[in-house]
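Taking it in order: structure first as structure tokens, then the write-up.
Throughout, a chain's letter reflects where its sequence line sits, starting with A, and its residues are numbered from 1.
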Amino acid sequence: MNPVNDSLKPEERVLYALRGLYQRYGYSQFKMSKFEEYDLYAGNKDFLVSDGIITFTDTDGRLMALKPDVTLSIIKNTRQMPGSVQKLYYNENVYRVSGSTRCFKEIMQTGLECIGDVDLYNLCEVISLAAESLKSIDPGYVLDLSHMGVVSALVDALGLDAERRAAVIACIGEKNGDGVRRLCPDKDVSGILALIAAHGPADRVIEALRPWCAGDDARQALDELARVTDVLAANGCDGVRVDFSIVNDMNYYNGIVFMGYINGIPAGVLSGGQYDKLMRRMGRDCRAVGFAIYMDQLERLRDDPRPYDVDTLVLYDDRADIAALTKAVGALARQGVSVRAQKAVDGKLRYRRLLRFSEGGIADGE
Amino acid sequence: MANSMINVALPKGRLGEKVYGMFAAAGYECPSILEPNRKLIFENEATGVRYFWVKPSDVAIYVERGAADIGVAGKDILLEYRPEVYELLDLNVGRCRMAVAAKKGFRDNPERTLRVATKFTRIAREYYAGLGRDIDIIHLNGSIEIAPILGLSDVIVDIVETGKTLLENDLEPIETIVPISARLIANKASFKFHSEQIEAICRGLAGQVKE
């Protein structure tokens, strides 16, 4: 029995495991303040997962925000060093509007970013760390990979106006083939339908899609995806799949994007990708890849509720010798059981055994 | 996990019974579902499906939150609530349209804010935003048709099936916003872990869709 480990909630246990994992690969922790100037987010609003931001005016009149996102702050604080990369991980609370309740929520988020001269090695390292992170949560994970280059090349080939293009991309995200057909009755959408149908093990999906990726852009993107999935397969990342329904905002993301799922949690728990375009928008001439894990989702992993609130309840009365009581309770606690001392039985408290403390010491109280 | 039961949320009512007919014809029958009783959950271990009836507008919530792996919901609900789900198939049943209707002879005065009564505020707002029209949304939960009659609103945005209810109230559809039909939806995470079963069901249902 490991008393420290036993007292941790699943998300806390995962957090410890992840911190160790990221440090082993040379990522250093990025610690940040709770607030950022609102301007940082105002210029990149679409990059944020939710549109609401909690703002307040600081004592010097600046409009501040409780950070809804970590990536933008990290980019802001990174310096450009040609030929090198910065590897950072974080574990921070962010403040976002939650989808269903439309109220602000504090969400714990863990993630890592690799910024700078990102090459194929760095890309594969970050994606395999995403896979490792999911595996440490649950071995039955799925990490879906997509390539924005493949999606945009196939959609561009249709030659649509901006409105229909966005609608087709949304349909790809919904795996909604009927919707694509209805939007483009005048076009040959077989490539898009193949893209929607293609999901599963990387080698099979990539080969199935090859005939539709004859154009230079699409072929290069598919080749890049194949190179990455080959490296991952060679390194035992067995939960990796290819699925093109991950369509992150193309104004920020390019290249490979990914989404991680854990069996038993109804929504994606990990989201990430290459965001070179965001770097350019923020005036940085370098590449970047990273991911975030939504730790609040992991609450759902909590195993069965404990049958007892405490293992042992010790009852004492006004006459008790407090020094002796303290000693007796301490001795029980040191045995590794949870113990609670109080004067009366609380109706709601569930305990495994009841002991009574009297002058003669501790005795069975039932 | 590959062979666990697939939870299917069906919309209570006539549409749900029709949709169940399609599931049954596709080989996923569960005879006990048609027995007249008050049970809510029905399963057939042999075919690996567990059905349950829920309020039509709640199907998307059950699926989005993973209580159901797949379900059948109207496109109206999907457009209004935008659940994070996959929309795998248009079942082409429960066909109707989302339309703007008004009193017969209604003439829109573009100089005034248009008062729109509806249950579907998001659909109405986005439709008029697309037209660049300033509107005043009046959210109602039912009997929408009465709003223009009593002068509560200028027009309504609602589902029109045959147009009979509108006609009986001296209203007429003046604009179609979007055609509506029932869709097979799937929880995104469930799709990852049960993709073979869900895709088999989807293929089976696709064979039952009538043009």
Side-chain angles (χ1 to χ4, degrees), chain A residues 49-50 98-102 134 137-145 163 166-167 170-183 193 196-201 204-205 239-247 258-271 294 297 300-301, chain B residues 1-2 4 7 9 58 60-71 73 75 78-79 81-93 95 97 121-122 126 129-131 178-196 198-199 202-203 205-206 209 211:
Chain A
V49 179
S50 79
S98 127
S100 48
T101 58
R102 304 301 302 160
L134 291 167
I137 300 169
D138 188 314
Y141 72 95
V142 165
L143 181 64
D144 273 347
L145 260 57
E163 198 178 329
C171 283
I172 295 172
E174 293 168 352
K175 290 190 183 289
N176 184 353
D178 291 322
V180 174
R181 265 190 230 107
R182 203 168 299 122
L183 277 165
L193 298 180
I196 291 174
H199 59 87
R204 184 167 60 75
V205 171
V240 173
R241 306 272 182 277
V242 170
D243 189 314
F244 292 97
S245 68
I246 314 161
V247 282
F258 44 94
M259 182 73 101
Y261 296 89
I262 295 291
N263 203 350
I265 299 181
V269 296
L270 180 149
S271 162
Y294 308 116
Q297 298 275 5
R300 298 279 301 243
L301 281 178
Chain B
M1 273 324 276
S4 61
N7 288 321
D58 289 342
I61 298 172
Y62 280 84
V63 175
E64 184 180 30
R65 297 200 159 233
D69 299 303
I70 59 174
K75 184 67 179 173
L78 301 179
L79 287 171
Y81 300 106
R82 299 283 159 83
E84 273 282 323
V85 294
Y86 288 136
E87 187 181 320
L88 299 178
L89 185 66
D90 184 347
L91 297 171
N92 212 16
V93 291
R95 286 180 64 171
R97 60 197 168 114
T121 50
R122 184 174 192 165
E126 287 180 3
L131 298 175
V178 64
I180 303 289
S181 56
R183 310 294 163 94
L184 177 71
I185 58 173
N187 176 272
K188 288 189 173 182
S190 297
F191 188 84
K192 308 297 160 196
F193 298 99
H194 308 285
S195 63
E196 274 177 33
I198 293 176
E199 283 190 300
C202 188
R203 275 193 303 275
L205 288 174
V209 173
E211 283 306 319

Holding to ring pair (Phe, Tyr, Trp, His ring centres under 6.0 Å), I want the full list of residues that pass it with F191(B), two or more places apart in sequence or in another chain.
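Per chain and number, F191(B) pairs via ring pair (Phe, Tyr, Trp, His ring centres under 6.0 Å) with H199(A), Y86(B).
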
Checking [X] against chain A: side chain, backbone, both or neither under 4.5 Å from a heavy atom?
| X | result |
| --- | --- |
| S190(B) | neither |
| D90(B) | both |
| I185(B) | neither |

If I measure from the heavy atoms of chain B, does I196(A) come under 4.5 Å with its side chain, its backbone, both, or neither?
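Neither the backbone nor the side chain of I196(A) comes within 4.5 Å of chain B.
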
Region of R182(A) in contact with chain B, defined by heavy-atom distances below 4.5 Å
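R182(A) touches chain B through side-chain heavy atoms alone.
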
Measure the spacing between NZ of K192(B) and CG of L143(A) and express it to the nearest 0.5 Å.
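K192(B) NZ to L143(A) CG: 10.5 Å, rounded to 0.5 Å.
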
Just verifying a value: how many Å separate N263(A) CG and H194(B) NE2, rounded to the nearest 0.5 Å?
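Output value for this atom pair is 5.5 Å.
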
Indicate the atoms forming the closest heavy-atom contact of [X] with [Y], along with that distance.
| X | Y | answer |
| --- | --- | --- |
| A189(B) | I265(A) | CB-O, 3.2 Å |
| N176(A) | E87(B) | ND2-OE2, 2.9 Å |
| V142(A) | F193(B) | CG2-CE2, 3.7 Å |

Could you check whether R183(B) pairs with D178(A) (Lys NZ or Arg NE/NH1/NH2 to Asp/Glu carboxylate O, under 4.0 Å)?
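No, R183(B) and D178(A) are not salt-bridged.
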
Count the heavy-atom pairs under 4.5 Å between each of S245(A), G268(A), G177(A), A267(A) and chain B, then report the option with the highest count.
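Highest number of pairs under 4.5 Å: S245(A).
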
Pairing residues for S271(A) by the side chain to side chain donor-acceptor pair (under 3.5 Å) criterion, not counting sequence neighbours
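S271(A) satisfies side chain to side chain donor-acceptor pair (under 3.5 Å) with no residue once adjacent residues are dropped.
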
Surrounding OH of Y141(A) (heavy atoms of other residues, nucleotides or ligands, distance under 6.0 Å), is the total greater than 12?
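More than 12 heavy atoms, drawn from other residues, nucleotides or ligands, come within 6.0 Å of this atom.
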
For chain A, find which of E199(B), K75(B), R82(B) contributes the most heavy-atom pairs closer than 4.5 angstrom.
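Maximum pair count with chain A is reached by E199(B).
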
